[in-house]
Structures are given as structure tokens and as C-alpha cells.
Amino acid sequence: MARPNEEVEALFQEYADLISITTGDAHRARAYEKAARSIGGYDADVSRLDDKGLRAIPNVGSSIADKISEYLRTGRVSAVEEARTRVPAGVRQLTAIPMLGPKRAKTLYETLHVSSVPELVEAIHAGRLRDLRGFGARSEEKILHGVELMQAAGDRVLLPVAGELAGEIVAALSAVTGCVRCEIAGSLRRMRETVGDVDILVAARKSEPFMAAFTALPQAAEVVAEGPTKSGIRTRSGLRVDLRVVHPDAWGAALLYFTGSRAHNIKVRRIAQRQGLKLSEYGLFDAESGRRIVSRTEEKVYQRLGMPWIPPPLREDRGEIEAAQEGRLPEVLTRRQLRGDLHTHTDLTDGLATLEEMVRAAADEHGYSYYAITDHAPALAMQRMTDEKILQQREQVRRLGASLHKGPRLLHGTELNIAPDGGVDWPDGFLAGFDLCVASVHSHFQQGRAAMTRRIVRACENPHVHVLGHLTTRLIGKRPGIDIDPDEVFAACARTGTALEVNSQPDRLDVSDELILRARGHGVKFAVDSDAHSVRALDGIRYGVGTAQRGWLTAEDVINTWSRQRLLRFIEAKRRRGRPAG
DNA sequence: GCCGTTTTCGGCCCGACTGTTTTCAGTCG
């Protein structure tokens with residue numbers, strides 16, 4: 001099961017949505033939303049807290065604490081159950097469509113009895129929205145487009161959702177007697193940004209105990225298939241999980257086969273074929289005699305085919321096989337090579353944890369040698385940042401930095417907002433006071449390509465902008481990226497010495513692996529950042545590392561693997577470049 | 001429903017955009 005905190009978070013988020021739809025009480029809904037976020041980002045496991053401990057969580061009072069207790073005791077919350085009876089689940093689904101919020105979802109349900117996304121599409125095609133107050137031709141168009149976007153994401157889930165589930169199942173199966181090995185395979189092992197189904201591989205001499213354990217898992221809502229070597233379940237959330245059990249002798253070949261991708265496998269098998277061999281999930285065989293040559297480890301299989309082991313994130317048939325054959329496979333970035341995080345928030349703006357809490361985690365849990373605090377700047381009005389507040393934070397950062405005997409060197413930065421014209425929140429003089437600035441787009445997503453490209457390029461040309469944050473601002477499955485000419489932007493990054501961020505938030509992963517590959521060609525440097533808004537989210541940087549690996553990045557390409565001295569030189573070089581000559 | 005006091009009720013992130021209206025509600029970040 002997921003951590004109880006996440007279950008409670010999802011439950012209160014749902015309750016908040018239901019409140020907005022049924023009562024329209026935005027403040028009460030917001031209270032549940034805030035509580036949900038706090039609980040999800042809270043360090044301590046809620047199931048280990050007593051009532052007093054629960055009420056110590058920010059935004060949790062007696063009413064919500066009671067509901068958490070009720071959930072932990074009974075597995076349900078009666079108030080939420082009651083709300084569910086009043087709103088079909090499909091109506092809540094409607095609010096996931098961009099531009100459709102609780103108010104209009106309620107209208108659709110109450111006047112047209114639309115209670116699911118397919119029903120909504122049908123109603124639009126039947127012209128039933130036309131005469132509805134608050135809806136028009138543009139609304140119809142936008143809703144249909146939003147539905148398309150959702151369907152393109154399909155039933156795929158984000159990495160952490162699949163990763164957590166897979167981790168639990170691997171732990172459960174590893175505990176079964178006779179388990180020689182158990183690992184995640186498939187697109188999750190390749191760290192694709194979304195995962196359609198979870199593949200798990202077990203090496204064991206007998207498969208029955210694993211099939212029995214697997215289909216009896218508490219996560220299994222439905223057993224889709226059950227056989228001697230292969231079974232499939234569907235979880236309550238609808239995610240499909242497949243288990244294959246192979247003999248330990250076939251482990252390497254099977255892991256290779258089930259990791260994919262399909263295109264990678266086809267090409268590797270063709271190479272085997274040309275050498276008079278045959279590769280299957282059971283091993284690498286001599287085509288004529290059928291004698292098994294190798295199969296125990298992936299390394300051995302690749303090696304026999306004339307290649308070094310290829311890291312799973314590279315296995316997409318994007319040239320990795322040729323590179324492996326020619327001995328020019330990149331040494332991809334690893335998590336351990338990261339020496340710092342350059343984009344993080346605190347509760348001074350929209351983060352959940354204090355400066356001290358974030359820094360302590362950066363030191364104790366991540367062992368960083370430098371760490372940047374980059375809270376939002378004033379242009380994001382909702383964050384209520386002021387000159388005074390950021391300067392006060394700088395003092396606080398300096399004091400905290402001086403008091404740390406070991407632990408990361410602290411950099412005081414900010415996440416600037418890139419205005420429609422490419423300007424940022426503060427003038428040069430004020431910006432010069434920061435150790436480091438990230439700059440990102442947060443609004444005006446609809447600008448045309450030319451204007452948008454100019455906007456970003458101008459931000460790159462600002463001598464105080466060191467990192468270009470979440471470039472496309474896409475939200476996976478929710479919002480497409482902004483329209484830019486990527487090559488022009490990457491050329492500007494390279495020319496001006498601006499690092500391109502690989503934002504690790506799992507619903508962003510921005511820039512994507514494809515754009516990383518494209519930017520690399522321009523000689524761009526990168527920063528892999530967590531953009532953490534809580535202590536726990538600092539760990540999300542591993543998704544950014546996965547994305548960087550898929551983009552073939554090495555430690556040399558990533559500025560936050562560099563020594564602090566080299567990083568500071570990079571920052572200083574840009575500032576010098578921006579200074580007028582003489 | 002939570003929070004912070006002006007301690008027990010009133011405010012709650014705020015501004016902009018969009019498509020719909022014909023002055024604004026709904027949605028978003």
C-alpha cells in the first residue's frame with residue numbers, strides 16, 4: 001500500500017473537489033486542499049501520530065484530525081462517503097478537463113445530467129451545450145481539445161505512482177521463499193515519463209508460489225490472467241501489473257527482453273541473427289544447434305553480441321546500439337554524482353517546509369555540498385513576495401550558512417518570473433545581490449511561437465539569469481507545452497551560458513528527454529533540479545536523473561555535478577559577459 | 001475547516017485571462 005499520508009492526501013483532495021461541486025464553498029474546499037497538501041508533504045507517517053500529533057500538522061485542526069483517525073481506524077471517512085453518494089465519480093472526472101471547473105461541472109450534471117467524460121463529448125456533438133448559460137462555441141472546442149489531451153495520456157500514470165506500487169510488489173515477492181531475484185522491468189525500468197503497465201520479473205526454480213502470492217496481493221482488485229509463468233492483475237486504480245517468473249539461468253535474457261523497448265529488442269535480436277544466433281527471453285542460442293550460449297546476466301548477453309551493457313533508460317533505439325558497438329556509449333549521469341540542488345522552495349512562498357528543515361534534509365539525507373534556496377519573486381502576485389522579505393531571507397540564509405560546520409554551502413537565489421516581454425521581476429542592481437537566479441514562465445502561455453521564442457531568448461540574455469526553469473511549462477496529461485522554436489532557445493542558452501533545467505517534478509519532467517537530446521547538440525549545459533516544495537520532494541530529483549539519463553547526459557553536461565568553485569565560476573562568467581565593456 | 005488573533009469570529013494568495021456576457025463568473029497559476 002502507498003504511505004498512509006498519500007492515501008489521506010488523495011482522499012481529502014477528492015473531498016475538496018466534492019465540496020466545490022456540491023456546495024460551492026470555496027474556502028472550505030480550500031481548507032481540505034491545503035490540509036491534503038500538508039499531509040502529503042509531511043515527514044512523519046500519519047498512522048504513527050496520536051490526535052495531538054495530527055493537529056500539529058499545518059492546516060490540520062480538530063475536524064480534519066478526527067477524519068484522519070476515522071480513516072486509519074476504519075479505512076473510510078463517512079463524510080467523504082456521504083459526499084460521494086451525491087456526486088457520481090464521473091462528474092469529478094469532468095473537472096480534470098482544462099477550463100472546466102467545479103461550477104461548470106455542476107451545471108452540466110444538474111441541467112444536462114452529464115456524469116462522465118464520454119457523456120460530455122456526446123452532449124457536445126449533439127449540440128446540447130449550445131443553449132447552456134456560460135457555455136459557447138469556444139467552450140465546446142476547448143473542452144473537446146482538453147478531452148483529447150487526457151485521452152492521449154490515456155491510462156498511463158506518472159512515474160512515482162507506478163514506482164511506488166512496483167516497489168511494494170517487488171518487496172512482497174522478494175519475501176516469497178525461493179526468490180532468487182525480483183526486479184522491475186518494462187518502461188518503468190527505462191524511466192519513461194509515464195507508464196502504461198508495470199512489468200515485474202522474478203527468477204526462481206518454482207513459479208507457483210509467486211503466482212499465488214501475486215494474485216493474492218492486497219493491491220490486486222482483479223486477476224486478469226493467471227498461468228504457470230505469467231499472471232496479470234489490475235489494481236483498484238486500474239493500473240495493470242504483469243508478473244513473469246523465469247528460471248534463474250534465463251534471468252539476464254528475460255530481463256533484457258522484458259525491459260524493452262520493443263524497438264531496442266528488435267534491433268538487438270537482428271544483430272544476434274546476423275551472427276548465426278537467436279535471442280529470446282530464454283537466452284541467446286546457437287541458431288543451428290539450438291544450444292544455449294549465454295543467458296544468466298544482461299551483461300553477458302550484450303557482451304556476446306559485441307556490446308557493453310546498455311543502461312535501461314537508453315534502450316529506445318535512439319542510436320544507443322550503434323554507440324555501444326562503436327564503444328562510444330555515454331557514461332550517463334547518476335544520482336550520486338549530483339553535488340547540489342539549484343531550485344528549491346521554502347514556506348516563505350509556496351513551499352511547505354521551513355528554510356531550516358529544507359537545509360537539514362539537504363545535508364543529512366542528500367549529503368549535498370551546495371544547496372540553493374530559490375523562492376518565488378514578486379511578479380507571481382499570489383506568492384506575496386517583497387524586497388524586504390527576500391532580503392530578510394538572505395540574512396537568514398547567511399546566518400544559517402555560517403552556523404553550519406559541515407553540510408552544504410548555501411546559495412541564496414530566487415525563481416524569477418519571465419514576463420511576456422522577456423523581462424524579469426527585479427532590475428540588474430537588485431539581481432546582482434543573488435548568488436543564483438532561476439527564471440521560468442508561469443503565465444501567458446498562449447503567445448505565438450515568434451513572440452514566445454523572443455521572450456525566452458531575452459530572459460537568457462539577462463546576465464543574472466543562470467538557469468532556465470521548466471522551459472515548456474507543460475503538465476503531463478494536462479497542459480501542452482508553450483510554443484517555441486527550441487533550436488533558437490537552445491542556441492541562446494549555449495551562447496549566453498545559461499543552463500537549461502531538467503525539472504524533476506514528475507508531472508513536469510521539463511525539459512523532456514527528447515528536448516535534452518536536441519539541446520545537447522547545441523552544446524547546452526543542464527541543471528537537474530528537484531524544484532522541491534517539501535522535504536520529501538527533494539528526493540524527487542531521481543526522476544530528473546532518469547530523464548537526464550534518457551537524454552544521454554553525462555556528469556560533465558550537468559552543472560550541479562561540478563565542484564562549487566567551478567559552479568561559481570560558471571555563474572560569474574555569465575555576469576561578466578553581461579557587463580558593458582571597459 | 002483552519003487560523004490567528006484585534007482570543008472566538010472574520011478572513012481565507014491575488015491578479016489576470018477567457019469566453020461569455022453586455023459587466024462578469026469561472027478558471028487558472
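Chain identifiers are assigned alphabetically (A, B, ...) following the order of the sequence lines, protein sequences preceding nucleic acid strands; residue numbering begins at 1 within each chain.
Distances were taken from every side-chain heavy atom of A:R138 (C-beta onward) to each of B:dA16, B:dT20, B:dG1; the shortest belongs to B:dT20. Looking at the side chain of A:R479, the nearest of the listed nucleotides B:dC2, B:dG29, B:dG19 is B:dG29. Side-chain proximity of A:S139 to B:dG19, B:dG29, B:dG1: nearest is B:dG19. Comparing B:dG29, B:dG1, B:dT27 against the side chain of A:P102 picks out B:dT27 as the nearest. Proximity note for A:K103 (side chain, C-beta onward) versus B:dT27, B:dC2, B:dG29: the nearest is B:dT27.
Between the C1' atom of B:dT18 and the CD atom of A:E141 lies a distance of 13 Å, rounded to the nearest Å. In this structure, A:D17 places its CG atom 12 Å from P of B:dT27, rounding to the nearest Å. Following rounding to the nearest Å, A:K34 (NZ) and B:dG29 (C1') show an atom-to-atom distance of 16 Å. Atom pair A:H533:NE2 and B:dC13:C1' shows a separation of 14 Å (rounding to whole Å applied). B:dG1 atom P lies 16 Å from atom CD of A:Q13, rounded to whole Å. Note: NZ (A:K389) to P (B:dC13) measures 12 Å, nearest angstrom. If you take CG of A:D131 and P of B:dT20, they are 13 Å apart, rounded to a whole angstrom. Put simply, CG on A:L132 is 10 Å from P on B:dT21, counting in whole angstrom units.
Separating the C1' atom of B:dC2 from that of B:dT8 is a span of 13 Å, rounded to the nearest Å. Separation of the C1' atoms belonging to B:dG10 and B:dT5 is 11 Å when rounded to the nearest angstrom. Comparing the P positions of B:dC17 and B:dG11 gives a spacing of 28 Å, expressed to the nearest Å. B:dT21 and B:dT27 have their P atoms separated by 14 Å, with the value rounded to a whole Å. Taking atom P on both B:dC28 and B:dT20, the two are 15 Å apart, rounded to the nearest angstrom. Between B:dT22 and B:dA16, the distance separating the two P atoms is 24 Å to the nearest Å.
Using modelled atom types, one side-chain atom of A:S69 and one backbone atom of A:A65 make a donor-acceptor pair closer than 3.5 Å. Between the side chain of A:R55 and the main chain of A:V60, no donor-acceptor pair closer than 3.5 Å is present. Between the A:R86 side chain and the A:T22 main chain, no donor and acceptor come within less than 3.5 Å of each other.
Salt-bridge annotation for A:E501 and A:R508: absent, with no side-chain N of the basic residue lying under 4.0 Å from a carboxylate O of the acidic one.
Residue contacts for A:H27: at a heavy-atom cut-off of 4.0 Å it reaches a base atom on one of the strands shown. Among the atoms of the strands shown, only primed sugar atoms or phosphate atoms (P, OP1, OP2) are found under 4.0 Å from some heavy atom of A:F445. Within the nucleic acid shown, A:S63 comes within 4.0 Å of sugar-phosphate atoms alone, with no base atom in reach, counting heavy atoms only. Residue contacts shown for A:I19 are absent, as no nucleic acid heavy atom lies under 4.0 Å away. Contacts of A:R55 with the nucleic acid, taken as non-hydrogen atoms under 4.0 Å apart, are absent. Within the nucleic acid shown, A:R30 comes within 4.0 Å of at least one base atom, counting heavy atoms only. Within the 4.0 angstrom heavy-atom criterion, base atoms lie near A:R28. Backbone-only engagement by A:A137 is indicated by non-hydrogen atom pairs under 4.0 Å involving sugar-phosphate atoms exclusively.
Sequence order on DNA chain B of the closest nucleotides to A:R104 and A:A35 puts A:A35 first from the 5' end. Place A:G134 and A:A65 on DNA chain B by their nearest nucleotides, and A:A65 ends up nearer the 5' end.
With hydrogens and angles left out, the side-chain atoms of A:T194 and A:R156 include a donor and acceptor closer than 3.5 Å. Counted by atom type alone, A:Q13 and A:D17 present one or more donor-acceptor pairs between their side chains at under 3.5 Å. Counting only N and O atoms by type, the side chains of A:K34 and A:S38 include no donor and acceptor under 3.5 Å apart.
Across every strand in view, B:dT8 sits unpaired, with no contact that passes the Watson-Crick or G-U test at under 3.5 angstrom.
Because its glycosidic torsion is within 90° of 0, B:dT8 is reported here as syn.
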